[in-house]
**Q** 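Submitted below is the structure of interest, expressed as C-alpha cells.
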Amino acid sequence: MLRFAVTLFAVITSSTCQKYGCLEGDTHKVKPSPEPNMHECTLYSKSSCCYADFTEQLAHSPVIKVNNSYWNRCGQLSKSCEDFTKKIECFYRCSPHAAHWIHPNYTAAIQSVPLCQSFCDDWYEACKDDSICVHNWLTDWGWDESGENQCKNKCIPYSEMYANGTDMCQNMWGESFKVSESSCLCLQMNKKDMMAMKYLLSESSEESSSSSSSEEHACQKKLLKFEKLKGEEGEQTR
C-alpha cells in the first residue's frame, strides 16, 4: 500500500514543482520521463514519476506487499479489488499529474484529487466483500520495529467499514481523494484521464463559474466523441 504516513515531509512546495515535477515520495523521480519497460502502471509509461523497476512489485498477482506495506493483513485481496488497489498505487507513484494536487503542507502527499463517482462505485463494488482493519490507510496502521504495517483493530468487510463508494473514496486515503460532482472533470485511472486533465488544468486556471461550466460542456462533448470512437473500434475488431 501507499506509504504516505512514512514519507510525508512538512515542506511547502513551490508552484514550479506542482506544474513540472513529481511528488517527493520515496520512489518518485524529480521530474516525469518516459519508462517504456514498465511491468505495471503502463498508463503512465510515456511520462512517469516512477521508475520501471518499482512496478515489478505490482506485476504478479497476488500482490503480497509493496515496499514494506503488506496488502494481505486481512487475507489476500480478491483479484478485482487488487486491480483497483493497483490503479491507486500506480497513480500515486507514477502519474505525472499527481503533483497537480500536491498537499499544501506535505510534498509527498496529495489532496482532493477528483475521482469520478462511477470509479468510486466500481471500486467499492470490487472490494466490498474483502476484509480490512483500518478506516484510514494513512493513519490507522500500527508500525512495528521493522517498519512494516500491522493491524491494530479486527478485520471486517469493506462493506462494514465504508457505507458506499463515496464514503470509501473520501476516507480511505484521508484527504487524498474527493468524489467529483462532474462525470467528466474527474479521473477514472484509465486513458480517459488524459482528456479530463486537459479540461481540469484549464478549469483550475479560471475562477468564474461560467468558465467552469464551459469546461464541463466541452469535456462532456469530448467524452461522447471518445466513447463513440472506442465503440467503433470495438465493432471493427469483432
Side-chain angles (χ1 to χ4, degrees), residues 1-4 22-23 25 27-29 32 34-35 38-52 54-55 57-59 61-63 66 69 71 77-103 109-128 130 132 137-138 158 162 164-201 203-204 219-220 222-223 226-227 229-230:
M1 285 293 177
L2 312 186
R3 292 296 302 278
F4 295 147
C22 299
L23 300 172
T27 59
H28 289 91
K29 302 176 183 177
E35 288 289 332
M38 296 175 81
H39 303 270
E40 278 283 350
C41 311
T42 54
L43 181 64
Y44 311 111
S45 61
K46 292 183 179 179
S47 180
S48 174
C49 278
C50 69
Y51 293 99
F54 162 76
T55 65
Q57 301 176 74
L58 302 171
S61 182
V63 176
V66 177
S69 293
W71 288 22
L77 296 176
S78 63
K79 183 60 167 62
S80 59
C81 186
E82 180 183 85
D83 287 344
F84 273 90
T85 306
K86 284 184 179 182
K87 289 177 186 290
I88 297 299
E89 188 83 39
C90 286
F91 175 80
Y92 171 69
R93 303 281 189 177
C94 306
S95 174
H97 305 307
H100 177 69
W101 291 281
I102 198 165
H103 195 287
I110 49 180
Q111 184 181 58
S112 300
V113 178
L115 297 180
C116 297
Q117 181 72 64
S118 59
F119 177 85
C120 291
D121 291 343
D122 290 345
W123 184 9
Y124 180 78
E125 187 66 26
C127 294
K128 67 179 183 180
D130 288 66
I132 189 172
W137 284 89
L138 311 187
Y158 275 68
Y162 307 106
N164 48 43
T166 298
D167 182 26
M168 187 176 76
C169 275
Q170 297 188 161
N171 289 287
M172 188 174 183
W173 297 110
E175 300 178 333
S176 300
F177 300 106
K178 68 176 184 179
V179 178
S180 174
E181 295 181 358
S182 167
S183 62
C184 195
L185 298 174
C186 56
L187 302 184
Q188 302 185 54
M189 308 303 172
N190 59 27
K191 291 182 178 180
K192 294 179 182 179
D193 288 357
M194 291 301 296
M195 178 191 67
M197 281 303 304
K198 173 184 176 182
Y199 296 102
L200 282 166
L201 292 173
E203 183 195 28
S204 67
C219 184
Q220 292 287 356
K222 194 76 171 181
L223 179 61
F226 177 88
E227 292 177 338
L229 288 173
K230 297 301 290 185

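What you see is a predicted model, and the numbers here were worked out from it, not measured in a lab. Counting from 1, the numbers follow the sequence of the chain as shown.
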**Q** With no hydrogens and no angle check, is any side-chain donor or acceptor of Thr55 less than 3.5 Å from a backbone partner on Ala52?
**A** yes
**Q** Between Lys191 and Leu43, what is the shortest heavy-atom contact and its length?
**A** N-CD1, 3.8 Å
**Q** A side-chain contact here means heavy atoms from C-beta on lying under 4.5 Å apart; do Phe177 and Trp101 qualify?
**A** no
**Q** SG of Cys50 to CZ of Phe91: how many Å apart, nearest 0.5 Å?
**A** 12.5 Å
**Q** Any side-chain heavy atom of Asp122 sitting closer than 4.5 Å to one from Glu125?
**A** no
**Q** Taking the side chain from Glu40 and the backbone from Cys90, do they hold a donor-acceptor pair closer than 3.5 Å?
**A** no
**Q** Measure the SG-CE distance between Cys94 and Met38 for me, rounded to the nearest 0.5 Å.
**A** 4.0 Å
**Q** Taking the side chain as every heavy atom from C-beta outward, state whether Ile88 and Trp137 have any atom pair closer than 4.5 Å.
**A** no
**Q** Locate the shortest heavy-atom distance separating Ser78 from Ala126; write the atom from each residue and the value.
**A** OG-O, 3.6 Å
**Q** Quick check for you: to the nearest 0.5 Å, what is the distance between Phe119 atom CZ and Asp121 atom CG?
**A** 11.0 Å
**Q** Calculate, to the nearest 0.5 Å, the distance between atoms CG and NZ belonging to Leu58 and Lys87 respectively.
**A** 12.5 Å
**Q** Indicate the atoms forming the closest heavy-atom contact of Ser48 with Tyr44, along with that distance.
**A** CB-O, 3.1 Å
**Q** For a quick test of reading the model, state the closest non-hydrogen atom pair linking Leu115 to Cys186 and the distance between them.
**A** C-CB, 3.7 Å
**Q** Between His28 and Tyr92, is the ring pair (Phe, Tyr, Trp, His ring centres under 6.0 Å) condition met? List the steps.
**A** CA-CA 9 Å; His28 289 91; Tyr92 171 69; 5.1 Å; yes
**Q** Should Val66 and Trp71 count as side-chain neighbours, where that means a heavy-atom distance under 4.5 Å?
**A** yes
**Q** So which atom in Val63 and which in Lys86 form the shortest heavy-atom distance, rounded to 0.1 Å?
**A** CG2-CE, 3.6 Å
**Q** Are Lys79 and Asp83 within salt-bridge range, i.e. N to O under 4.0 Å?
**A** yes
**Q** Looking at side-chain heavy atoms only, is the closest gap between Trp123 and Met189 below 4.5 Å?
**A** no
**Q** Once rounded to the nearest 0.5 Å, what's the spacing between atom CG of Leu201 and atom NE2 of His97?
**A** 7.5 Å
**Q** If you compare all heavy atoms of Ala98 against all heavy atoms of Ile110, which two are closest, and at what distance to 0.1 Å?
**A** O-CG2, 3.5 Å
**Q** Evaluate Arg93 against Cys41 for side chain to side chain contact (heavy atoms under 4.5 Å, CB included), listing each step before the verdict.
**A** CA-CA 9 Å; Arg93 303 281 189 177; Cys41 311; over 6 Å; no
**Q** Drop me the distance from Lys192's NZ to Cys116's SG, to the nearest 0.5 angstrom.
**A** 8.5 Å
**Q** Taking C-beta and beyond as the side chain, do Met172 and Ile132 meet within less than 4.5 Å on heavy atoms?
**A** yes
**Q** Just by modelled atom types, is the Cys81 backbone N or O under 3.5 Å from a matching donor or acceptor in the Tyr158 side chain?
**A** no
**Q** Under the criterion side chain to side chain contact (heavy atoms under 4.5 Å, CB included), I'd like the reasoning laid out for Leu187 against Met197: C-alpha separation, chi angles, the key distance, then a yes or no.
**A** CA-CA 8 Å; Leu187 302 184; Met197 281 303 304; 4.0 Å; yes
**Q** Any side-chain heavy-atom pair from Leu200 and Pro114 closer than 4.5 angstrom?
**A** yes
**Q** Should the pair Glu35-Lys29 be classified as a salt bridge under the 4.0 Å nitrogen-to-oxygen rule?
**A** yes
**Q** Is any side-chain heavy atom of Gln117 less than 4.5 Å from a side-chain heavy atom of Thr166?
**A** yes
